[in-house]
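Just below is one structure, and these are the notes that go with it.
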Amino acid sequence: MFRFITTRFFQSLLALFVVISATFFMVRFVPGGPFTAEKAVTPEILRNLEAHYGLDKPLWRQYLDYLGSLMRGDLGPSFKYPNRTVNEIIGDKLPVSAELGLLSLGIALVGGITLGTLAAIKRNTWADYLASGFGMIGISVPTFVVGPLFVLAFAIHLGWFNASGWYTSADRVLPALVLGIAYAAPISRLTRGGMLEVLHQDFIRTARAKGASEARVVLRHALRGGLLPVVSYLGPAVAGILTGSFVIETIFQIPGIGREFVTSAFNRDYTLVLGTVILYAVLIMALNLVVDIVQAWLNPKVQLEA
Amino acid sequence: MTAARELARRFRPRSGNPGHPPRGRQPRAAVSRLLSPVTCLLSALLFFTGCPQRETAVQRGNRDQILHRSLGYDVVDLDPHLVTGIAEGEVMRALFEGLVAEDPENLHPVPGMAERWDVSADGLVYTFHLRADAKWSNGTPVTAADFVASYRRILTPSLAADYANMLYILQGAEAYHKGANKDFSHVGVSAVDPRTLRLVLEHPASYFLALLVNPPWRPVPIAVLEQHGRSDQRGNAWTRPERIVTNGPFVLKKWTPNQVMIVEKSATYWDAAKVRLKAVHFYPMDSRDAEERAFRAGQLHITDAVPVAKIAAYRRDSPHLLRIDPYLATEFLRLNTQRAPFTDPRIRRAFAMAIDRESLMKALGGQVKPAHAFTPPDTAGYTPAARIETNVAAARALLKEAGYEGGRGLPVIEFLYPNSENVRVMAEALQEMWRRELGVEVRLINQDLKVTFAARRSGDFQMMRSNWIGDYLDPATFLDIFRGDSGNNYTGWSNSSYDAALFAAARTIDPAARRELLQKAEALLLEAVPIIPIYYYTHVFLKQPSVQGWHPTLLDHHPYKHVWLEN
């Protein structure tokens, strides 16, 4: 176990280095720079700007400088926001996305697993059709359709919530619901599939033969195996949900990191692009590691091997 | 049935405060009765919230004189010397005041930090007399020395201020900024005494006072900046809410990036008695659709824009909420005159004359006005005399003369434009007009905005979509960009008579003579056609009827000290 984790740690470090290097050079080769705008700055001013941000140095030098400051945990100044650092921007916005993500994740897990299990147990009954129908609709209808519909109904028509913003606890309701449903749908499908497979296995028949109650069979024996597909899905999904959704954050105008992830690329805010990419990469790697460990714990057949 | 009705009745939202009018629209009874119990229960269970019909932010704001206004994007900073955008300018007008301020109706310069000013007979020396009660928000007086230090700061090369060249009109400023002269005493800025500031210009400029309302000309409290770092370097975090010191009618109270910025009425502002708003809340909204929904939900008094697809519906259903104001900006195409086939002025002209602008305006939603010249008409009393007429027969004849009768033999032309739904509609309409009327084939190349800027800089385009928004109320803000030495030209076209006419106009004080020179320059521009004007902008936005004093102004400036709310 310990060997597995240390090996994975160093593998991840290597992967992270590759990601950082590739991103660093790729954003530089995109046409247009952080200071290109509709109204041109004069060549002197452009030179001053480039000197201020060190962009006048050779690229390899900038790369080494960046890696150096990264070692000290400094993600550099933002090009777009002259008086803010990338650390500050991520520090401001990641908690917002994470809060929204955790709420949605709660809704997605509770709703998705419940519906999926129900559908599997009551296979081919109206309950199954209803739950599977929800799953299909939830997967097929994108959040940029569901979101505005919810706003129309609950904010504009009924006036219970704000249409957008992130000011009071009530402002969490609509975005968390919309994002939660979007993740609950695939989770319910995966749970149903996983449960159906498990419910036909011998050890379930054995449990039933030994007289275990149906609830005990489902909750204690089947669910553990039935959730395996959900767990492997959750690794990348949780990383995505925590780092924010560009669509949800735009629809509800939430000050999260998901929008920065996209707009920083449009703005050619080199340091902010790198900062968000690093954040996302670290989260994905960490969560995949957690998923592997959880899977080994859930499924005795999985061995953690380095 | 009865049980369901009972549930519906119990959970039906009720106005929390019967004294207030109901929300804008009558609820559709059936839908709300069906939906409200379900969702109310759900949200109450999950989030422990109730669901009463609430008083909206707009209703509260009307009562408390708090204006809720959205901006097109998040303000990048509040340093008047470093910001360049429209949203930042909007906030700058609330927080900082320059030597002059703007009249709320026509934006003419009115006394600001300076209570009066004298201009020398040759138009070169401006002497500003600062008012005795001009104060920073920390209580210290705003002095002539503050202006001198501020102008020195923005002209310091290490600050790398994007708009420093706006001060080049000051004598010696360009040399100082470019490092040719390191002695600031040679720049035409001096404090005669604490309340008298003298500015000396390179050349007389009738629009100088109009220029002064722009953020780069506003003072910054150097002493405060120096408490938080170097004043002549970027990255000085003096603009944080707990630190910033300003001199305008409002002070910064709260700034949560990407969420809200709150400014409150300043107690130290010299004209505080006239300021009626208690606060303005600025919301960065980078989604037009989200902004419109927030307006409908009663969160906003004023929006930054309206989704084009919704304009017709507002025109039809709620014209009292829709405003279409003129706006000092032009949409046009740049032609690369250094690249075939647009090296030939006849071909450029043919393309310009084949456009039926009136029917194009219909395709674009009917809220913009066709442009037959570059400078919008009636810009500070100037209207271009020359025009590019639509004349398909003449356009075909020109093309034939150039050797491409009916478009035969002309290679495919590439038309570069940025990703944007509205621009795409325009590009496709133009493509079709040129195909139909001239028989030429135009290929549409759609790229990310910054990619188009990079292509523009390297001259790697044949024809590209462009626009220009005026910085101040004067035709020079438009015509200057096509001078041979302008960094914004990008067409490869230059003409010494054009440059000479503008040079002379800048130094002419007599308004009629100056207008004539500018008209001559614009005629030369339209004769050579390095650009094809398409339309003049309008500013389309939504406004609650309670907002008063929000006049249509060409620059879309609305000095907040003259705005108030009325139920």
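By convention in this document, chain letters (A, B, ...) are assigned in the order of the sequence lines, proteins followed by strands, and residues within each chain are numbered from 1. Quick note: numbers below take in every heavy atom, side chains included, and nothing from hydrogens, waters or symmetry partners. Please read these numbers as outputs of a predicted model, since none were measured by experiment.
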For a quick check under 3.5 Å, do B/D79 and B/W238 share a side-chain donor-acceptor pair by atom type?
yes
Per-residue contact mode, [X] against chain A (heavy atom under 4.5 angstrom):
{"X": "B/I469", "result": "both"}
{"X": "B/Q259", "result": "both"}
{"X": "B/D289", "result": "neither"}
{"X": "B/F295", "result": "neither"}
{"X": "B/A161", "result": "backbone"}
{"X": "B/V83", "result": "neither"}

Does [Y] have [X] sitting over its ring (NZ/CZ under 6.0 Å from centre, angle to axis within 45°)?
{"X": "B/R456", "Y": "B/F461", "value": "no"}
{"X": "B/R457", "Y": "B/F453", "value": "no"}
{"X": "A/R259", "Y": "A/W166", "value": "no"}

Name the option with the most non-hydrogen atom pairs under 4.5 Å to chain A; the candidates are [options].
{"options": "B/Q447, B/E291, B/R240", "result": "B/R240"}
{"options": "B/T239, B/D74, B/T84, B/D448", "result": "B/D448"}
{"options": "B/D286, B/N236, B/N165", "result": "B/D286"}

Do you know the tightest heavy-atom contact between B/V260 and B/P284?
N-CD, 4.1 Å
Minimum heavy-atom separation for B/A160 and B/R234, please, with both atom names.
O-NH2, 2.8 Å
Checking heavy-atom separations under 4.5 Å from chain B, one finds in residues 46-56 of chain A A/L46, A/N48, A/L49, A/H52, A/Y53
Please examine the side chains of [Y] and [X], heavy atoms only from C-beta on, and report whether any two atoms are closer than 4.5 Å.
{"X": "B/T477", "Y": "B/W468", "value": "yes"}
{"X": "A/L274", "Y": "A/Y66", "value": "yes"}
{"X": "A/L179", "Y": "A/E249", "value": "no"}

What's the verdict on ring-ring contact (aromatic ring centres under 6.0 Å, His included) for A/F161 and A/F252, showing C-alpha distance, side-chain angles and the deciding distance?
CA-CA 11 Å; A/F161 303 105; A/F252 294 98; 10.0 Å; no
Counting only heavy atoms closer than 4.5 Å, note whether [X] contacts chain B via side chain, backbone, both or neither.
{"X": "A/N162", "result": "both"}
{"X": "A/P77", "result": "neither"}
{"X": "A/T42", "result": "side chain"}
{"X": "A/E88", "result": "side chain"}
{"X": "A/L152", "result": "side chain"}

According to the interplanar angle, ranging from 0 to 90°, do the rings of A/F150 and A/F154 count as parallel (below 30°), tilted (30 to 60°) or perpendicular (above 60°)?
perpendicular
From the list A/P82, A/G33, A/P43, the residue making the most non-hydrogen contacts under 4.5 Å with chain B is A/P82
Side chain to side chain contact (heavy atoms under 4.5 Å, CB included) partner of B/P216, chosen from B/D162, B/L82, B/I154
B/I154
Compute the ring centroids of A/F261 and A/F246, then answer whether they are less than 6.0 Å apart.
no
